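Report on the structure given below.
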Amino acid sequence: MQEDNQEHFKRELGLLDGTMLVVGSMIGSGIFIVSADIARQVGSAGWLTLIWLISGLITIIAAVSYGELSAMFPKAGGQYVYLKEAYNKLIAFLYGWSFFAVIQTGTIAAVGVAFSKFAAYLYEPLSDENILFELGAFKLNAAQIVSIFTIVLLTYINSRGVKNGKILQTVLTIIKILSLLGLIVFGLTLAAKASVWDANWADAWTTRSYNVETGSWLPISGTALITGISAAMVGSLFSSDAWNGVTFIAGEIKNPKRNVGFSLFLGTFIVTVIYVLTNLMYLAVIPLNEIATAKSDRVAVVASDYIFGDIGTLIIAIMIMISTFACNNGLIMAGARVYYTMAKDGLFFKKAAVLNESSVPAWALWAQCVWASALCLTGKYGDLLDFVIIIVLIFYILTIYGIFILRKKMPDAERPYKAFGYPYLPMLYIIIAAAICISLLFTKFSTCGWGVLIMLAGIPVYYLTKPKE
């Protein structure tokens, strides 16, 4: 039955489009700012690089593990479908519920806000300090209007057909990759200083944390070090997230059994290489102290000032605007396909299951747009990221464990591609991700606890709205 639902989607996306969707959805604003927080948590060049490398490697492991699932179920809905097939409709619904409530919409809101922050560099009145309307505790600022405008614009473009979204995604992502590579090359050739590099790597593995109030470094080890590493990894993992978006649009990819898995691997590999090289460039150009204390965490702005002088800030602002715009295009395009598949199963608003004359789920796109825009108005994006990362990791763990379940449940099913390094690499991912989740619940319970609560709140909703069998 499920397969019939996919016939109305147009298969218009090739391997390049799939890979660009993965890369474009992954690279948002994180790589430009997250390294400051990581440097404050662990305080050394070696650990800063290692955290980005570990985040990249476990993301690649997860992506190549998903390859098996994407080849088994090459249809719209991706991760939601895998969870339904491996477990049951309740687990799949909890994912879809969390995805709509926080994961996808919260990420779209956060990325939209990052876009507007840097747009204010080019035109000051667009900043969040420009309050346009006040009512009691609620304040509406110009940055929120800009964020919502970009979300509405991208939703409109994607509602006109997958081709428009795909062209925009591929062009902007290629510009994004080239500009990041340009930043790395210029940084390493024009601004790198042997003295800065040597000083940063002199005690590369000495862990310490930066106290913002006193402006001093404190040595850390044991529990404090584990806490620091897991807190630091929130940023790098969030910067490496959204790679699974290509699985949601499998119904529109040509030869999905091959291309979805292949674009997952290529996309995550390209991003990991870019992220590690960018951080090595930071360490060659900026003293570690300056990375940790960069104003508003904008490490890339500091690097760009060293490389290009006064115009550096402007260059980075434009790069981040292109980067976040492309990122949100990918998120908006992919997210609506999950609600479409849920609605087909009777687990979401019926209208979300309808495709418009351009063969895209327009109602689902606009519903996502409205809620993401509402989240822009809350102003709680920092908290949203903590909410998001723990739920995302829990469902990645469940999905990858689903490979083990499906090998037993459907031993004879066609598997055009098998998870690389099975069972060792998928199990390694599960262990690392579970350790990070447990650590986060201990260290950031006030926000991550809310994330888990939002997810569990879906259980009564499921039983209240479930269609009678």
Side-chain angles (χ1 to χ4, degrees), residues 13-28 30-31 52-74 77-83 86 95 99 103-104 107 169 173 177 233 236-250 253 255-276 327 330-331 334-335 337-338 388-389 392-404 406 415-434 436:
L13 308 173
L15 178 62
L16 174 69
D17 304 314
T19 306
M20 290 300 105
L21 180 71
V22 176
V23 174
S25 299
M26 285 176 76
I27 305 175
I31 186 60
W52 280 104
L53 194 58
I54 292 169
S55 298
L57 289 176
I58 65 173
T59 300
I60 293 171
I61 291 171
V64 294
S65 301
Y66 268 50
E68 175 169 324
L69 298 167
S70 70
M72 284 177 77
F73 309 108
Q79 193 167 348
Y80 165 82
V81 175
Y82 314 155
L83 288 164
Y95 173 69
F99 189 80
I103 297 174
Q104 200 75 348
T107 307
Q169 189 66 31
T173 303
I177 294 170
M233 285 191 79
S236 56
L237 282 170
F238 188 80
S239 303
S240 305
D241 192 34
W243 49 267
N244 58 338
V246 73
T247 69
F248 306 144
I249 59 160
I253 287 193
N255 190 3
K257 289 183 178 181
R258 170 187 176 270
N259 285 343
V260 175
F262 203 28
S263 54
L264 279 168
F265 167 71
L266 283 175
T268 51
F269 180 75
I270 289 167
V271 172
T272 300
V273 170
I274 288 173
Y275 280 2
V276 172
C327 178
L331 294 170
R337 276 62 179 175
V338 177
V388 168
I389 203 67
V392 163
L393 284 172
I394 289 168
F395 283 111
Y396 282 162
I397 292 166
L398 286 172
T399 307
I400 289 173
Y401 188 64
I403 298 169
F404 294 82
L406 288 166
R415 288 177 171 81
Y417 169 87
K418 290 193 173 173
F420 182 72
Y422 178 90
Y424 308 106
L425 286 182
M427 192 47 77
L428 176 68
Y429 178 87
I430 290 169
I431 292 165
I432 293 172
I436 294 167

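Being a predicted model, the structure only gives us computed values, none of them experimental.
- Using a distance-only test at 3.5 Å, with no hydrogens or angles considered, a donor-acceptor pair links the side chain of D17 to the main chain of G14.
- Between the side chains of S263 and T19, no donor-acceptor pair is found at a separation under 3.5 Å.
- For the pair L69 and L406, the minimum side-chain heavy-atom distance is below 4.5 Å.
- Between the side chains of T247 and Q79, no donor-acceptor pair of N or O atoms lies under 3.5 Å.
- Atoms CD1 and CZ, from I60 and F420 in turn, are 11.0 Å apart once rounded to the nearest 0.5 Å.
- Considering all non-hydrogen atoms of both residues, P426 and F404 come closest at CB-CE1, 3.8 Å.
- Rounding to the nearest 0.5 Å gives a distance of 4.0 Å between OG of S239 and CH2 of W52.
- Within the 4.5 Å cutoff, no side-chain heavy atoms of I274 are placed close to those of I31.
- Under the 4.5 Å side-chain criterion, counting only non-hydrogen atoms from C-beta, S65 is not in contact with Y429.
- Side-chain contact between Y80 and T399 is absent, with no heavy-atom pair separated by less than 4.5 Å.
- Between the CD1 atom in I403 and the CE atom in M427 there is a gap of 10.0 Å [rounded to 0.5 Å].
- Not counting sequence neighbours, D241 has no partner by the salt bridge (charged side-chain N to carboxylate O under 4.0 Å, His left out) test.
- Within the 4.5 Å cutoff, the side chain of L331 has heavy atoms near those of the Q104 side chain.
- Side-chain contact between Y396 and I430: absent, with no pair of heavy atoms (C-beta onward) separated by less than 4.5 Å.
- In this structure the side chain of Y424 never reaches within 4.5 angstrom of the side chain of L428, judged on heavy atoms.
- Shown here are the side chain to side chain contact (heavy atoms under 4.5 Å, CB included) partners of I436, two or more places apart in sequence or in another chain: I58, M233, L237, L393, I432, L440.
- Y82 contributes no side-chain N or O that, together with a main-chain N or O of G77, makes up a donor-acceptor pair within less than 3.5 Å.
- Closest non-hydrogen pair, A250 versus P256, comes out as O-CB, 3.8 Å.
- Rounded to the nearest 0.5 angstrom, C327 SG and Q169 CD are separated by 8.0 Å.
- Ring pair F395/Y95: centre-to-centre distance below 6.0 Å.
- Checked against the 6.0 Å centroid criterion, the rings of F265 and F262 do not qualify as a close aromatic pair.
- The number of heavy-atom neighbours closer than 6.0 Å to OH of Y422, taken from other residues, nucleotides and ligands shown, is above 12.
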### Message
If you apply the rule side-chain contact (heavy atoms from CB on, under 4.5 Å), what do you find for I27 with V271, and how did you get there?
### Response
CA-CA 7 Å; I27 305 175; V271 172; 4.0 Å; yes

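- Contact annotation: the side chain of S236 never approaches that of Y275 to less than 4.5 Å [non-hydrogen atoms, C-beta and beyond].
- No more than 12 heavy atoms of other residues, nucleotides or ligands lie within 6.0 Å of OH in Y401, so this atom counts as exposed by the packing criterion.
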### Task
Go through the steps for V64 and L264 under the test side-chain contact (heavy atoms from CB on, under 4.5 Å), then give the verdict.
CA-CA 7 Å; V64 294; L264 279 168; over 6 Å; no

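- In this structure, the salt bridge (charged side-chain N to carboxylate O under 4.0 Å, His left out) partners of R415, at least two apart in sequence or on a different chain, are E68.
- One distance of note links CG of N259 with CG of L15; it measures 5.0 Å at 0.5 Å rounding.
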### Query
After noting the C-alpha distance and the side-chain angles of W243 and V23, does the key distance pass the side-chain contact (heavy atoms from CB on, under 4.5 Å) rule?
CA-CA 7 Å; W243 49 267; V23 174; over 6 Å; no

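- Taken to the nearest 0.5 Å, the CD1 atom of I61 stands 13.5 Å off from the OH atom of Y66.
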### Task
Check step by step if side-chain contact (heavy atoms from CB on, under 4.5 Å) holds for F238 and T107.
CA-CA 9 Å; F238 188 80; T107 307; 3.8 Å; yes

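- Taking all atoms of both residues into account, the shortest heavy-atom contact from K257 to P416 is CD-CG, 3.9 Å.
- Proximity of the aromatic rings of F99 and F248 is defined here by a centroid distance below 6.0 angstrom, and this criterion is met.
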